[in-house]
Engineer: 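Below is the structure I would like to discuss, written out as structure tokens.
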Amino acid sequence: MAGRMVVGSAALAGLVRPASAPDPAGGHRVLPVTPELTGLLPSRGLRRGSTIAVATGQPRHSGGTSLVLALLAEASRAGSWCAVVGVPTFGATAAAELGIALDRLALVPNPGPDWATVIAALIDGVDVVVTAVPATVSASVANRLAARARQRGCVLVPYGRWDGADVTLQVVRGAWEGLGPGRGRLRRREVTVSARGRGAAARPKEIRVWLPGDELTRVIPRAVAAAAGRPAATRPHPVASSGRTVAGVSRRGALTLVSPT
């Protein structure tokens, strides 16, 4: 089913549910995440009103997008509305394969100069808002958006540098698997994800997981991996693989594309 293009920042108000409308996730204060990531978050999920940043790392495309997809998947399955702003290469196919409901996903690929206005409008009516962080965003604007998210019960997920986040997640190391001497193909990637933050998240944490490549991920217990010198054999869990952006076409529902201009 083809998606819709909504033109104009004011049109965002009609796209998302009013802030006073019933919560589609049942009013739960913590939205679920995939089990592999629960140990990195102090509430073992996405606590409403919190700011969970995903640092881009070096190079920029070092697994951060796959991590964002993994954060959204369970909340979307549970009925939450999600939005992704300022990521024109976001893979709708990968999102659908992961189980993200495209009919409850709004994409704003290029928010333009009204970025803060777009984010504020989405915070008012969307459960989880992911946004690439503009280089020019000021601390005062960032603080106002985080405060608005706390007030509205939205989970704000900045993708990039964001000082003052409750938790910051980052892929700090990674190695691909699948290539042999002169043959093979990239199949999966073992990555280390770190978490640091404030309050209950002040103590740094790390986990190692498989991120996409063969569309599988596994938690790698640190003690077992260190003893054996390789990942422990645990049951795989599906996680989306990187994919090409598909503008509004999916077997799983309608993808909403939003233009603020």
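What you see is a predicted model, and the numbers here were worked out from it, not measured in a lab. Reckoned from all heavy atoms, side chains included, excluding hydrogens, waters and symmetry mates.
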Engineer: Which pairs pass salt bridge (charged side-chain N to carboxylate O under 4.0 Å, His left out) with one or both residues in residues 129-149, sequence neighbours excluded?
Structural biologist: D124-R148
Engineer: Taking only residues two or more places apart in sequence, or in another chain, which ones meet W115 in a side-chain hydrogen bond (donor to acceptor under 3.5 Å, both in side chains)?
Structural biologist: T131
Engineer: Taking only residues two or more places apart in sequence or in another chain, which ones pass side-chain contact (heavy atoms from CB on, under 4.5 Å) with S194?
Structural biologist: Q170, V172, E206
Engineer: What residues, two or more places apart in sequence or in another chain, satisfy side-chain contact (heavy atoms from CB on, under 4.5 Å) together with R150?
Structural biologist: A146, A147
Engineer: Test side-chain contact (heavy atoms from CB on, under 4.5 Å) on L69 and F90 and set out the steps.
Structural biologist: CA-CA 9 Å; L69 285 170; F90 184 84; 3.5 Å; yes
Engineer: Any side-chain heavy atom of V129 sitting closer than 4.5 Å to one from V157?
Structural biologist: no
Engineer: When rounded to the nearest 0.5 angstrom, what is the spacing between CZ in R196 and OG1 in T168?
Structural biologist: 5.0 Å
Engineer: Taking side-chain contact (heavy atoms from CB on, under 4.5 Å) as the test, write out the residues that go with T136, two or more places apart.
Structural biologist: P134
Engineer: Do V167 and S50 make a side-chain contact, defined as non-hydrogen atoms from C-beta onward lying under 4.5 Å apart?
Structural biologist: no
Engineer: So which atom in A73 and which in I100 form the shortest heavy-atom distance, rounded to 0.1 Å?
Structural biologist: CA-CG1, 3.9 Å
Engineer: So, using salt bridge (charged side-chain N to carboxylate O under 4.0 Å, His left out) as the criterion, who are the partners of R161 when residues are at least two apart?
Structural biologist: D163
Engineer: For the atom pair CD (E74) and OG1 (T38), what is the distance rounded to the nearest 0.5 Å?
Structural biologist: 10.5 Å
Engineer: How would you list, by chain and number, every residue that makes a salt bridge (charged side-chain N to carboxylate O under 4.0 Å, His left out) with R44, sequence neighbours excluded?
Structural biologist: none
Engineer: Testing the basics here: between A95 and L102, what is the closest heavy-atom pair and its distance to 0.1 Å?
Structural biologist: CB-CD2, 4.3 Å
Engineer: Do L169 and I52 have side-chain heavy atoms sitting under 4.5 Å apart?
Structural biologist: yes
Engineer: Would you give the length of the straight line joining atom CG of L156 to atom CH2 of W162, rounded to the nearest 0.5 angstrom?
Structural biologist: 5.5 Å
Engineer: Can you check whether L37 reaches I207 side chain to side chain, under 4.5 Å on heavy atoms?
Structural biologist: yes
Engineer: Under a 3.5 Å distance rule, please check whether R104 uses its side chain to pair with a backbone N or O of W81 as donor and acceptor.
Structural biologist: no
Engineer: Are any of the side-chain heavy atoms of L105 and L107 separated by less than 4.5 Å?
Structural biologist: yes
Engineer: Would you check, one step at a time, whether the test side-chain contact (heavy atoms from CB on, under 4.5 Å) holds for L46 with L71?
Structural biologist: CA-CA 8 Å; L46 302 175; L71 282 175; 4.2 Å; yes
Engineer: Do you know the tightest heavy-atom contact between S76 and C82?
Structural biologist: CB-SG, 4.3 Å
Engineer: Within this structure, what is the CZ-CG distance for the pair R47 and D166, rounded to the nearest 0.5 Å?
Structural biologist: 5.5 Å
Engineer: Taking atom CG of N143 and atom OG1 of T51, what is their separation to the nearest 0.5 Å?
Structural biologist: 9.5 Å
Engineer: Please find the pair of heavy atoms, one from A132 and one from G86, that lie closest to each other, and give the distance.
Structural biologist: CB-O, 3.3 Å
Engineer: Taking the side chain as everything from C-beta on, heavy atoms only, tell me whether R208 gets closer than 4.5 Å to V193.
Structural biologist: no
Engineer: Heavy atoms, side chains only, cut-off 4.5 Å: are D127 and V155 in contact?
Structural biologist: no
Engineer: Run V128 and L31 through side-chain contact (heavy atoms from CB on, under 4.5 Å) and show every step you take.
Structural biologist: CA-CA 9 Å; V128 186; L31 304 180; 3.7 Å; yes
Engineer: Quick one, V85 with I119, criterion side-chain contact (heavy atoms from CB on, under 4.5 Å). Give me CA distance, side-chain angles, the key distance, then yes/no.
Structural biologist: CA-CA 8 Å; V85 180; I119 298 302; 3.8 Å; yes
Engineer: Can you tell me how far the CG atom of L67 sits from the OG1 atom of T56, to the nearest 0.5 Å?
Structural biologist: 12.0 Å
Engineer: Only counting residues at least two apart or in another chain, list the ones meeting side-chain contact (heavy atoms from CB on, under 4.5 Å) with A116.
Structural biologist: V141
